Number of protein chains: 2
Amino acid sequence: MNIVEISKVLSNKTRVNILKWLKNPAENFPPHQDIDHFDDGVCVGYIQDKTGLSQSTISTYLNSMQNAKLVIPTRHGKWTYYRRNEEVIQGYVKVLENEL
Amino acid sequence: MNIVEISKVLSNKTRVNILKWLKNPAENFPPHQDIDHFDDGVCVGYIQDKTGLSQSTISTYLNSMQNAKLVIPTRHGKWTYYRRNEEVIQGYVKVLENEL
DNA sequence: TTTACATATCTAGAATTATAGATATGTTTT
DNA sequence: AAAACATATCTATAATTCTAGATATGTAAA
């Protein structure tokens with residue numbers, strides 16, 4: 001749980017939005033075809049479409065979010081699905097509450 | 001209350017430390033001479049000494065923290081004292097709790 | 001009213017982050 | 001096995017942040 005590293009992730013509007021969108025995938029993304037639920041999160045392509053940024057940029061963003069343990073990737077066939085890591089996200093808020 | 005702007009402040013170890021130190025000035029800084037309490041916070045010089053960074057850097061940091069409304073400056077003679085803005089700090093944690 | 005002092009602002013170079021095109025990797029389909 | 005597809009990584013440039021020295025401003029002391 002690294003305040004500085006997580007704050008760096010949150011210091012970008014798009015990355016904050018991605019986290020928010022992932023709270024409610026069904027509301028923010030089209031349904032997946034190969035998988036009829038969002039249990040493992042949302043595929044990179046949908047996230048990219050929603051942001052309008054390039055594929056490599058979004059992949060880089062998701063990688064930094066994964067390094068900070070804010071999201072968890074799961075591979076299904078050729079897709080990678082990302083979902084929130086609620087434990088870490090809530091833990092971060094708690095740490096701020098206590099330490100900040 | 002801007003998540004991105006405040007996160008930028010928190011994405012630097014020194015700035016996070018300054019906020020933490022200001023929670024308990026009497027424990028983290030020497031007593032002031034012109035003022036015998038810490039009601040208005042801590043003067044820039046003490047903060048600078050504690051960090052070991054240059055005067056201009058600390059002044060810049062404090063300015064960014066003030067812009068984000070995380071700290072409140074008060075001038076006494078030739079000194080400027082900075083204290084935490086608890087309302088905004090707690091408010092930020094609440095916003096994260098709800099929105100993130 | 002100079003001088004000294006505390007802090008703020010200006011300026012500039014170094015370091016980091018943002019962003020995307022090109023390419024690589026792994027998977028599925030044909 | 002080749003082609004198509006989704007994502008990751010590499011490479012490079014633009015933009016931003018970091019940091020400090022120099023300078024300016026405001027206040028107090030001599």
Side-chain angles (χ1 to χ4, degrees), chain A residues 2-18 22 25 29-35 38 40-68 70-83, chain B residues 2-18 22 25 29-35 38 40-68 70-83:
Chain A
N2 184 334
I3 290 186
V4 169
E5 184 183 16
I6 291 182
S7 295
K8 278 183 184 166
V9 168
L10 300 182
S11 68
N12 175 288
K13 186 69 179 156
T14 299
R15 289 189 299 254
V16 170
N17 281 338
I18 291 172
L22 289 180
F29 301 97
H32 288 123
Q33 318 212 298
D34 288 47
I35 291 186
F38 286 109
D40 286 322
V42 179
C43 69
V44 179
Y46 283 0
I47 296 172
Q48 188 204 332
D49 289 347
K50 182 118 182 164
T51 62
L53 295 175
S54 77
Q55 186 269 321
S56 74
T57 296
I58 293 306
S59 189
T60 300
Y61 280 7
L62 289 170
N63 184 257
S64 72
M65 295 167 78
Q66 177 187 343
N67 285 337
L70 290 168
V71 296
I72 299 169
T74 308
R75 182 123 199 185
H76 283 276
K78 46 184 171 176
W79 293 276
T80 306
Y81 298 82
Y82 284 89
R83 69 180 189 278
Chain B
N2 182 333
I3 291 187
V4 169
E5 185 184 15
I6 292 183
S7 294
K8 278 182 186 168
V9 169
L10 300 183
S11 70
N12 174 290
K13 185 69 180 157
T14 298
R15 289 189 298 256
V16 170
N17 281 337
I18 292 172
L22 290 179
F29 300 97
H32 288 122
Q33 317 211 299
D34 288 46
I35 292 184
F38 286 108
D40 286 323
V42 179
C43 69
V44 179
Y46 283 1
I47 297 173
Q48 188 204 332
D49 289 346
K50 182 118 180 163
T51 62
L53 295 175
S54 78
Q55 186 268 321
S56 74
T57 297
I58 294 306
S59 190
T60 301
Y61 279 7
L62 288 169
N63 184 257
S64 72
M65 294 166 79
Q66 176 187 342
N67 284 338
L70 290 169
V71 295
I72 300 169
T74 307
R75 182 123 198 186
H76 283 276
K78 45 185 173 177
W79 293 275
T80 306
Y81 298 82
Y82 284 91
R83 68 179 189 279

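Letters A, B, ... mirror the listed sequences (proteins, then strands); counts begin at 1. It should be emphasised that the depicted structure is a prediction, and the values quoted were computed from it without experimental measurement.
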K.L.:
Rounded to whole Å, please give me the gap between CD in B:Q48 and C1' in C:dA6.
P.N.:
10 Å
K.L.:
Show me the side-chain donor-acceptor pairs of residues 71-80 of chain B shorter than 3.5 Å, one per line, residues at least two apart or across chains.
P.N.:
unit_1 : atom_1 : unit_2 : atom_2 : d
B:T74  : OG1    : B:R83  : NH1    : 3.1
B:R75  : NE     : B:G77  : O      : 3.1
B:H76  : NE2    : B:D40  : OD2    : 2.7

K.L.:
Can you list every pair that meets salt bridge (charged side-chain N to carboxylate O under 4.0 Å, His left out) and has a residue in residues 44-55 of chain A, with sequence neighbours left out?
P.N.:
none
K.L.:
What pairs meet the side chain to side chain donor-acceptor pair (under 3.5 Å) rule with one or both residues in residues 2-12 of chain A, with sequence neighbours excluded?
P.N.:
A:S7-A:Y92, A:N12-A:Y61
K.L.:
Under a 4.5 Å cut-off applied to non-hydrogen side-chain atoms, are B:I35 and B:Y81 in contact?
P.N.:
yes
K.L.:
For nucleotides 6-11 of chain D, give me one character per nucleotide, 5' to 3': B if any protein heavy atom sits under 4.0 Å from the base, S if the only such contacts are to the sugar-phosphate, - if neither.
P.N.:
SBBB--
K.L.:
Given atom CG of A:N12 and atom P of D:dT17, what is their separation to the nearest angstrom?
P.N.:
11 Å
K.L.:
Could you give the NZ-to-P distance, from B:K8 to C:dT16, as a whole number of Å?
P.N.:
18 Å
K.L.:
Expressed in angstrom and rounded to an integer, what is the separation of A:L10 atom CG from C:dT17 atom P?
P.N.:
14 Å
K.L.:
Tell me, please, which residues at least two apart from A:N63 pass side-chain hydrogen bond (donor to acceptor under 3.5 Å, both in side chains).
P.N.:
A:N67
K.L.:
Run the side-chain hydrogen bond (donor to acceptor under 3.5 Å, both in side chains) test against B:T57 and tell me which residues pass, sequence neighbours left out.
P.N.:
B:S54
K.L.:
Round to the nearest Å and state the distance from A:E5 atom CD to C:dT16 atom C1'.
P.N.:
15 Å
K.L.:
Over how many whole Å does the gap from A:M65 atom CE to C:dT17 atom C1' extend?
P.N.:
16 Å
